[in-house]
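Inspection log for the structure reproduced underneath, given as structure tokens.
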Amino acid sequence: MSIFGRTMRIPRCAAALLCIAAFAFPTFAQSNKGTITGTITDPNGALVKDATITATNTETGEARTATTSDDGTYSIPALDPGEYRVRIEGAGFQPATVERVRLETNARQPVDAQLTVGGVGGDTVIVTAEAPLVESETSVRGDVITGRQVVDLPIPQRNFTLLAALSPGVTRPVSGVIGGGGQFSGNSPVGNSTESTRFRESGGSVISANGARVTNNNFTLDGVDNNESQFGQIGIYPNPDAIAEFKVETSVPSAESGRAGGAIISTTFKSGTNAIHGTLYEFYQGRFGSAKPTNNANPPNYVTHNFGGTVGGPVFLPRFGEGGPMLYDGRNQTFFFFSYNGQRNGTPAFGGGEFNFVTVPTAKMRAGDFSEFLEPGNLRTFNTVAGPRVAPRGTVFDRNGNPYPGNIIPAGDLNPVAVSYFNAFPLPTGPGRENNFRRNRAERSNVDGYDIKIDHNFGLFGASTSLFGRYSKSENGRLRDNNFPLGSSPNGNDLASGFGAGNEFGNSRQVALGMTTSFTPTVINDARAGYTRVEIGIFNPGVGGALGFSPSNAADLGSQRTNNCGLVCTGRSSGRSEEQHGLHELGREPQRVLRPAQRRARRPAGVGLFLRELPAWLSALFALARHPARNPVSLVEGNRLLRAGRLEGQLEPDHEPRTAL
């Protein structure tokens, strides 16, 4: 039978126009919706035609119907994941109800039934649904991790992506530091694992499916693209208590979701129900209450606090001052869900995997005495401006190629800037001329994220319609200590030093909108649109006053022509960031584009090892925005489903990547 057969409730031309409209709107990735499908038979196994099937969400009361075709099959697509009650009614048969049908994310759930002959007003046959032993409806291979598993299983730092490893073929980089795999530094199969810089305490979203690269995965949230493109990882980390479930597809994806070479991780956010539910939590990990190691009298103090909560239910508008019924009762129609997640972490920098000592000038070196470098019994030939000279290893020569007696530079030959620079280093804490300063760097991480979701069911021009909107925002700030603490410089000019030190942030926000309209039981439109913005950056110590260090450190040491081009040397200044995370409000300069020659001319020169120009990636701000949309139309004939649409997405810089030097 043609898919535009007599079961349609709208003309053929209208259905064709809907297909054209579907191609006119861009679509992106897959939906998180599911489908209930099946076959209805009589006691003799004969197929039952024109039976009415009604699927009702037991938590929200939303109902959708379908009718069996000539071959006794039916399909109800574009349903929200959840628990359903399926009622089957046919002329001359007793009604049958299948209870507790669990529909998972991106699933096609078969619900078959055999009707019993009887009157229309007879008793209803109650059947309890059973999970199918095999996946018989789709080619997709993957696993669903339910919200109960996400909440109950122990996961470090409340990072739900760790549970993706429950699916066969999914692994995570292994590193011997706090939280599991995927750390920024450590013995990781992916090197230094730059991909896990965000949410690194628990390994970020670095996962490998069937050996694919950790940047080849695709993340969606409520059917909307949820990727950040700088490191190819997840954009929004939902609160685990707010996750209904998520699905990990590792192979043979459907045509509409096959844009990833690795895994496809589809997450469904919880919605409110007819009953008000909520959670509160606080997870603590630290020295207090923990066992003390017997082999370390002073172990590193890992202190992590994860706290938050959720609440959801129907929307009520009370009638103030008059009593009586409510102004608006949202049960079975309008629902809300709110989630908050906070973290306050204090841990050793990079998990304590760094070296414990750095080198600073000794007291003699600060006065021009470099006799500690001399090795009298180890003669070498040096090529000087005056020709080859034989001298002990470690000899210091003057500008004329003559060795300084005793390796002591007279006060008159000392450069004032160099003397000031040497004396800016803190004094040694140990003996020797190398690795003579013990450091104890720490990093403090603050996370504040919240989500608000509204669901509404209504009729639109006679069509059953469900609408949702969600706004998610997360602010993630990390302050990583300098090698040398503030106030440790003998001359008051604290030096910026230390790989990765500074104010780092990884903020994200997302707007997701969706509308599913069932024009008839056989024509369903599912429109989705989203906007995701991710900011990733770090201000090194001294850049804009980060970590309390002077932004004019070179000038303070006497080098007036070094680092004097301002905060930004090649264009616009860095955008806004949050004061409570240790970041600072930075104004905007007038936009200007410098030619390469100008950029080279204005690039600051270095004075010594710790005053050289910092690597650009350590002080860069990336702000990228994604705004995909999707609008496929589903046409149903029995249990066959035709979905028309075009796969497309858009990524663009919210503003150009900027570098602060």
Side-chain angles (χ1 to χ4, degrees), residues 1-9 33-141 144 146 245 247 254 464 518 520-524 634-643:
M1 177 181 288
S2 169
I3 197 167
F4 301 109
R6 64 181 181 83
T7 57
M8 292 293 181
R9 301 291 196 276
K33 301 277 189 173
T35 300
I36 293 179
T37 185
T39 303
I40 308 302
T41 59
D42 64 12
N44 298 319
L47 301 174
V48 177
K49 177 186 175 183
D50 293 332
T52 300
I53 293 87
T54 303
T56 304
N57 190 311
T58 58
E59 294 181 326
T60 65
E62 181 184 6
R64 291 267 304 281
T65 62
T67 303
T68 56
S69 60
D70 293 342
D71 58 1
T73 61
Y74 72 93
S75 185
I76 309 178
L79 295 173
D80 289 322
E83 187 173 289
Y84 285 82
R85 180 175 57 253
V86 179
R87 181 177 175 86
I88 304 100
E89 298 174 294
F93 297 95
Q94 289 184 346
T97 299
V98 183
E99 300 282 358
R100 305 184 66 178
V101 176
R102 183 66 193 177
L103 182 61
E104 299 175 341
T105 297
N106 291 339
R108 284 179 59 88
Q109 178 66 42
V111 178
D112 301 328
Q114 188 176 76
L115 299 181
T116 302
V117 177
V120 176
D123 296 332
T124 300
V125 178
I126 306 297
V127 181
T128 301
E130 296 181 357
L133 298 178
V134 296
E135 174 58 74
S136 60
E137 298 297 324
T138 68
S139 63
V140 176
R141 292 296 172 263
V144 173
T146 66
E245 61 186 31
K247 185 174 185 178
S254 58
S464 175
S518 178
T520 73
T522 57
V523 180
I524 298 95
S634 298
L635 305 176
V636 180
E637 172 62 26
N639 65 350
R640 296 182 293 275
L641 182 66
L642 173 65
R643 183 167 296 167

What's the spacing between [X] [atom1] and [Y] [atom2] if we round to 0.5 Å?
| X | Y | atom1 | atom2 | answer |
| --- | --- | --- | --- | --- |
| Ser464 | Ile524 | OG | CD1 | 10.0 Å |
| Ile36 | Arg64 | CD1 | CZ | 9.5 Å |
| Asp70 | Leu47 | CG | CG | 9.5 Å |
| Asp80 | Leu103 | CG | CG | 9.0 Å |
| Thr41 | Leu115 | OG1 | CG | 7.0 Å |
| Lys49 | Ile40 | NZ | CD1 | 15.5 Å |

ask   = If you measure only the distance, is there a donor-acceptor pair under 3.5 Å linking the side chains of Gln94 and Thr116?
value = no
request  = Indicate whether the side chain of Thr520 and that of Thr522 have a donor and an acceptor atom separated by less than 3.5 Å.
outcome  = yes
Is there a donor-acceptor contact under 3.5 Å from the side chain of [X] to the main chain of [Y]?
| X | Y | answer |
| --- | --- | --- |
| Thr68 | Ala51 | yes |
| Asp42 | Ala46 | yes |
| Thr58 | Glu83 | yes |
| Arg102 | Tyr84 | no |

query = So, Glu89 and Arg87, do they make that salt bridge, N to O below 4.0 Å?
reply =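 Salt bridge flag = yes for Arg87 with Glu89.
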message = Contact between Val111 and Thr37 at the side-chain level, heavy atoms closer than 4.5 Å - yes or no?
response = no
ask   = So, do Val48 and Ile88 sit near enough that their side-chain heavy atoms are less than 4.5 Å apart?
value =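 No, too far: nothing below the 4.5 Å cut-off.
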request  = Applying side chain to side chain contact (heavy atoms under 4.5 Å, CB included), run through Val144 and Lys247 and close with a yes or a no.
outcome  = CA-CA 4 Å; Val144 173; Lys247 185 174 185 178; 3.7 Å; yes
Shortest non-hydrogen contact from [X] to [Y]?
| X | Y | value |
| --- | --- | --- |
| Ala63 | Thr54 | CB-CG2, 4.2 Å |
| Ser75 | Arg108 | OG-NH1, 4.2 Å |
| Gln109 | Val101 | CG-CG1, 3.9 Å |
| Glu245 | Pro81 | OE2-CB, 3.7 Å |

key: Full working for side chain to side chain contact (heavy atoms under 4.5 Å, CB included) between Val86 and Thr97   = CA-CA 6 Å; Val86 179; Thr97 299; over 6 Å; no
